[in-house]
Amino acid sequence: QVQLVESGGGLVQAGGSLRLSCAASGRTFSSYALGWFRQDPGKEREFVAAISRSGASTDYANSVKGRFTISRDNAKNTVYLQMNSLKPEDTAVYYCAAGPRRLSSVVIGTYNYWGQGTQVTVSS
């Protein structure tokens with residue numbers, strides 16, 4: 001079992017940056033592919049970024065490509081999401097997720113474990 005705790009959310013002006021962190025418990029962190037998703041009230045949860053078990057491969061939603069970077073530190077059991085050039089439409093609750101697979105995945109159903117979420121608000 002993996003428990004995930006996100007941090008780093010907050011209020012930022014458009015064009016600014018934030019770095020989200022997600023700390024995981026458990027000794028098998030390196031066995032999981034990891035992802036970041038986000039959800040606005042009244043909307044479905046959507047894929048943002050994902051990283052493979054080793055960190056060698058990543059995937060991004062088109063809406064964040066070139067602005068967001070996902071990374072992981074298996075020694076610290078932590079996954080990060082660096083968000084630059086933020087836009088008001090990036091406002092959402094951001095969730096990290098873990099799935100028992102080698103490769104990264106954009107499919108929400110492939111993730112078994114979820115954090116509680118952290119709010120990101122981008123003002124115009």
Side-chain angles (χ1 to χ4, degrees):
Q1 187 131 3
V2 177
Q3 292 184 324
L4 304 168
V5 179
E6 301 97 335
S7 61
L11 173 64
V12 64
Q13 287 189 329
S17 298
L18 281 175
R19 188 174 84 153
L20 305 184
S21 299
C22 176
S25 65
R27 288 178 283 182
T28 58
F29 178 78
S30 60
S31 300
Y32 292 86
L34 302 165
W36 285 96
F37 292 77
R38 65 187 182 188
Q39 188 170 20
D40 240 355
K43 295 184 180 179
E44 292 189 355
R45 193 168 297 188
E46 65 174 8
F47 168 75
V48 176
I51 190 166
S52 64
R53 204 163 62 187
S54 68
S57 67
T58 56
D59 288 294
Y60 295 94
N62 288 335
S63 59
V64 307
K65 203 169 291 185
R67 300 188 297 122
F68 290 12
T69 302
I70 188 171
S71 61
R72 66 187 295 165
D73 186 336
N74 286 345
K76 294 183 178 180
N77 281 14
T78 302
V79 60
Y80 305 97
L81 185 68
Q82 178 67 45
M83 305 186 295
N84 299 328
S85 302
L86 282 161
K87 305 175 181 180
E89 52 263 44
D90 294 319
T91 295
V93 177
Y94 283 71
Y95 299 89
C96 69
R101 52 185 293 116
R102 181 172 61 88
L103 299 177
S104 58
S105 172
V106 307
V107 179
I108 194 170
T110 62
Y111 293 89
N112 298 55
Y113 304 104
W114 293 84
Q116 83 289 347
T118 185
Q119 177 70 47
V120 171
T121 303
V122 184
S123 63
S124 57

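Here the structure is a predicted model, which means the values were calculated and not measured.
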- OH on Tyr94 to CH2 on Trp36, rounded to 0.5 Å: 10.0 Å
- Under the side-chain contact (heavy atoms from CB on, under 4.5 Å) rule, what do Ser71 and Gln82 come out as? Steps first, then yes or no, please. CA-CA 8 Å; Ser71 61; Gln82 178 67 45; over 6 Å; no
- To the nearest 0.5 Å, how far apart are CG in Leu34 and OG in Ser105? 11.5 Å
- Query: Can Arg102 be said to sit on top of Tyr32's aromatic six-ring, NZ or CZ under 6.0 Å from centre and within 45° of the ring axis?
  - Reply: no
- Value rounded to 0.5 Å, distance of OG1 in Thr110 from CG in Leu103: 10.5 Å
- Hey, what do you get for OG1 (Thr69) to OH (Tyr60), rounding to the nearest 0.5 Å? 4.5 Å
- Task: Would you give the length of the straight line joining atom CG of Asn84 to atom CZ of Arg19, rounded to the nearest 0.5 angstrom?
- Result: 11.5 Å
- Do Arg72 and Phe29 come within less than 4.5 Å of each other through their side chains, counting heavy atoms only? yes
- Query: Is there a donor-acceptor contact under 3.5 Å from the side chain of Thr118 to the main chain of Gly9?
  - Reply: yes
- Message: Same cluster or not: Phe47 versus Leu86, using hydrophobic residues (I, L, V, M, F, W, Y) connected whenever any side-chain heavy atoms lie under 4.5 Å apart?
- Response: no
- Determine whether Trp114 and Leu4 make a side-chain contact, defined as any pair of heavy atoms from C-beta on separated by less than 4.5 Å. no
- Side chain proximity check, Phe37 to Ile108, heavy atoms < 4.5 angstrom: yes
- Assess Arg45 against Tyr95: is NZ or CZ under 6.0 Å from the centre of the six-membered ring, and within 45 degrees of the ring's axis? yes
- Query: Got a sec: does the CD of Gln3 have more than 12 other heavy atoms crowding it under 6.0 Å?
  - Reply: no
- Report yes or no: do Asp59 and Ser104 form a side-chain donor-acceptor pair below 3.5 Å? yes
- Query: Do the side chain of Arg67 and the main chain of Ser85 share a donor and acceptor less than 3.5 angstrom apart?
  - Reply: yes
- Message: What I'd like to find out is whether the side chain of Ser63 reaches to under 4.5 Å of the side chain of Arg38, using heavy atoms alone.
- Response: yes
- Task: Quick one: pull up CG in Leu18 and CE in Met83 and give me the separation to the nearest 0.5 Å.
- Result: 4.5 Å
- Query: Below 4.5 Å, heavy atoms only, C-beta onward: do Leu81 and Val48 meet side chain to side chain?
  - Reply: yes
- Item | Nearest heavy-atom neighbours spanning Ala50 and Tyr111 | CB-OH, 3.5 Å
- Given the rule in the side chain to side chain donor-acceptor pair (under 3.5 Å) test, do Thr78 and Asp73 qualify, once you have shown the distances and angles that lead to the verdict? CA-CA 5 Å; Thr78 302; Asp73 186 336; over 6 Å; no
- Item | pair Val122-Lys87: side-chain heavy atoms closer than 4.5 Å | no
- Query: Under 4.5 Å between any side-chain heavy atoms of Pro100 and Asn112, yes or no?
  - Reply: yes
- Message: Under a 3.5 Å distance rule, please check whether Glu6 uses its side chain to pair with a backbone N or O of Cys96 as donor and acceptor.
- Response: yes
- Message: Has Asp40 got a side-chain atom pairing as donor or acceptor with Lys43's backbone, closer than 3.5 angstrom?
- Response: no
- Message: Less than 4.5 Å apart, side chain to side chain, heavy atoms only: is that true for Leu20 and Phe68?
- Response: no
